[in-house]
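What follows is a set of notes on a single structure, which appears directly below.
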Amino acid sequence: MKRSAQYSVPDHVDFAGQSPASTHGLTRWLLAHRVAPSGPVADETHSKPNAWWKVMCLTGVDYFSSLAYLPGIAGLAAGALSPLATLFIVALTLLGMLPMYRRVAKESPHGQGSVAMLEKLLPFWRGKFFVLILLGFVATSWIITITLSGADATVQILQNPLLPASLHGQGVTITVIMLLILGGVFLLGFDEAVGVAIPLVTVYLLLNAAIVAVCLDQILTQPHLLDGWLDRLMSSSGGPGGILGPTVVAFPLLVLGLSGFETGVSMMPLIKAEGRNRQEQLDARIGNTRRLLTTAAVIMSAYLITTSFITAVLIPAQEFQDGGQANGRALAYLAHERLGSGFGTIYDISSVLILWFAGASAMAGLINIVPRYLPSYGMAPDWARAVRPVVLVYTALSIGITIAFHADVNKQAGAYATGILAMMVSGAVAVTVSALHRKRRGATIGFGVLALILLYALVANVVEKPDGIVISGLFIAGIIAVSLVSRIFRTTELRVDRIVFDETAQGFIADSLEYDGELNLIANQRQSGTTDEYEAKESEQRGLNRVPGKADVIFLEVDVLDPSDFSHVLKVQGVSVGHHRILRVGSPAVPNALAAVLLALRDGTGIRPHCYFEWAEGNPLGLLLRYIVLGRGDTAPVVREILREAEKDPDRRPRIHVG
């Protein structure tokens, strides 16, 4: 800290958390946990970190729950060839998706996923709109995951023969109740969500292991079962083309079972990591996330291979068709058929619970991704960083979609697939570009091929179910519209969390205070930056605004960096040009930075500063638009309005003079 005989100037002034705390208990509870902005920050988590295997269970409620329907989808799409189609998916998982998301985890260790990697490709507003489009697909996939999982769980309930007749036809009501309970779990906190996920995943995997073990034993002890499948396989294959065709058809449907990877990466800040310093902790978190992804992929791959095999061998082809008992629930069919109705009912209950809670993985992903971007861009209210309010928003949105689609699984499937596949394509493109920049030829080719495979799946899905891209477009349009409106309404916010003064700037301020006990600053838009410019500017302001003749003055300048950004830690640098002293700061917007520096000077020194402007030339509406888009416009009135909103007491506001 720079000190003079009478005045002291701090090296920084904090604004974060200076707004009065709400005295309302409900408001304090709602805003208690907040998601940090994107990028490396001091405090990343909004919940106590958990061991990687616990977080894996939270992501696994989505990933592993796909066992409830993937074997049935494979049997319906590929018939006797479904184990071969599944082998292709397993190869894609272990050789493509897993390496891809391990790289994503390495390059976005703060949980932003492939969105953060792609954001770097485009500067300024283009990058922001690109992120908004990606977030539209993210919102599509994860919101629909919540509603689709609830609707799928409802289907499992309604198909159970023990269900009372009075509940038939109440699918929407049952789904809405499950969504309310899911939202209630997240209102309690992430620890509670993890606590629910662990037993659900453990029990479900153990029940599936029991089904696999019993069915494999029956296949091995009854050779005619295997012989029958081999006969069907030979008769349906008809050579390499006969094998490739069903596999290609089934692939876009089966690849949807890989949706758990993106949520796994998004939950990185929730993974516990130890280390002696921040870098070691970050490296440990990346390692633990990779361990999570690898373990989940290996477990799922083993189950996919074994379950597709037993369902292809033991379930008659007609049962996979619409109206068949194995349609969409192949393993539940085997549980009842091969292990008895008692075990089958237990399996049905477990399937319902994990499908219901599969939405928890998507909810966690939404909480960890969207609030990291929109509020930081000024494209959502600042309270959108708080966990509980956004849980309420997502829950309400999910209920609305459920009612709109009448809790129909088929009506939502297209949008779900479009969102998931778009996210996978974006991830593949991100790691391909990353490998290209790192000059890794083999990785570039491999990830490029993966991107093309996933792009094929996306295009095939859009062609098959074009309503999915329409729904995704609505999500994207909604996010862009809300973002632009929010950005306009937030133009007069202070936007700054901290002002940092370098030693030279501290010296200028202390010297000026020592000279006359006041702070007089002239706002200047730098042109040539020469001594003549500052001489003319000072002479002009002393004439226009009647700056006291003997008053000491300091120039205050703002360099606009990226006007599409919103909030920053601002660094004030002291610069000398001849005998003139300048406080220079880089910021996304001129008026907000000027107001923040003036308030920081007041708070840091106890002296109300005076700042002198001249009127801008031009149409006021044009200047306003220029300010919103480019960060500069009719500066003086906007600075005053920002100060008026930030400081309610007129007697404490920095004084603005315009001539």
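Owing to the predicted nature of the structure, the values given are computational and were not obtained by experimental measurement.
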Any donor and acceptor pair, going by atom type alone, linking the side chain of [X] with main-chain N or O of [Y] inside 3.5 Å?
| X | Y | value |
| --- | --- | --- |
| T307 | Y303 | yes |
| N461 | A457 | no |
| T202 | P199 | no |
| E319 | Q325 | yes |
| S361 | A358 | no |
| T311 | S308 | yes |
| S486 | V482 | no |
| T295 | L292 | no |

Taking the side chain as every heavy atom from C-beta outward, state whether [X] and [Y] have any pair of such atoms under 4.5 Å apart.
| X | Y | result |
| --- | --- | --- |
| I403 | V172 | yes |
| Q170 | T154 | no |
| L135 | F475 | no |
| V265 | L293 | yes |
| L67 | L304 | yes |
| V390 | L366 | no |
| F320 | I73 | no |
| I89 | L70 | no |

Minimum heavy-atom distance between [X] and [Y], given as atom pair plus value:
| X | Y | answer |
| --- | --- | --- |
| T432 | A451 | OG1-CB, 4.5 Å |
| R388 | L188 | NH2-O, 3.6 Å |
| A68 | L355 | CB-CD1, 4.1 Å |
| L58 | A364 | CD2-CB, 4.1 Å |
| T93 | S301 | CG2-OG, 4.0 Å |
| A407 | A151 | O-CB, 3.5 Å |

Atom pair [atom1] ([X]) and [atom2] ([Y]), whose distance is rounded to the nearest 0.5 Å:
| X | Y | atom1 | atom2 | value |
| --- | --- | --- | --- | --- |
| R102 | T289 | CZ | OG1 | 10.5 Å |
| M300 | I305 | CE | CD1 | 11.5 Å |
| L182 | I177 | CG | CD1 | 14.0 Å |
| I354 | Y63 | CD1 | OH | 13.0 Å |
| T147 | M178 | OG1 | CE | 11.0 Å |
| I271 | K54 | CD1 | NZ | 13.0 Å |

- Give the intermediate values and the outcome of side-chain contact (heavy atoms from CB on, under 4.5 Å) for residues L353 and Y204. CA-CA 9 Å; L353 290 175; Y204 186 69; over 6 Å; no
- Task: Using side chain to side chain contact (heavy atoms under 4.5 Å, CB included) as the criterion, list what pairs up with L474, not counting sequence neighbours.
- Result: none
- Message: Restricting to ring pair (Phe, Tyr, Trp, His ring centres under 6.0 Å), what partner residues turn up for F64, sequence neighbours left out?
- Response: none
- Note on the structure: With sequence neighbours left out, the residues meeting ring pair (Phe, Tyr, Trp, His ring centres under 6.0 Å) with Y394 are none
Output a table of donor-acceptor pairs, distance under 3.5 Å, between side-chain atoms of residues 139-146 and any protein atom two or more places apart or on a different chain; print 'none' if there are none.
from: T140; atom 1: OG1; to: G136; atom 2: O; distance (Å): 2.7
from: S141; atom 1: OG; to: F137; atom 2: O; distance (Å): 3.2
from: S141; atom 1: OG; to: V138; atom 2: O; distance (Å): 2.9
from: T145; atom 1: OG1; to: S141; atom 2: O; distance (Å): 2.5

- Message: Side chains of Y333 and N327: any donor to acceptor distance under 3.5 Å?
- Response: no
- Message: Between T402 and T175, is there a side-chain donor-acceptor contact under 3.5 Å, judged purely by atom types and distance?
- Response: no
- Message: Other residues, nucleotides and ligands only: do more than 12 of their heavy atoms fall within 6.0 Å of CD on Q321?
- Response: yes
- Message: Salt bridge check, R329 against D348: does any charged N sit closer than 4.0 Å to a carboxylate O?
- Response: yes
- Starting from the C-alpha separation in whole Å, work towards a yes-or-no answer on side-chain contact (heavy atoms from CB on, under 4.5 Å) for T345 and H336. CA-CA 7 Å; T345 299; H336 283 276; 4.1 Å; yes
- Message: Does W356 form a side-chain contact (heavy atoms from CB on, under 4.5 Å) with I181? I'd like the steps, not just the answer.
- Response: CA-CA 10 Å; W356 157 65; I181 297 173; 3.5 Å; yes
- Query: Who passes salt bridge (charged side-chain N to carboxylate O under 4.0 Å, His left out) against E107, sequence neighbours left out?
  - Reply: R103, R438
- Chi angles and distances behind the side-chain contact (heavy atoms from CB on, under 4.5 Å) call for F186, T395: CA-CA 10 Å; F186 275 91; T395 301; over 6 Å; no
- Query: Which pairs pass side chain to side chain donor-acceptor pair (under 3.5 Å) with one or both residues in residues 469-481, sequence neighbours excluded?
  - Reply: none
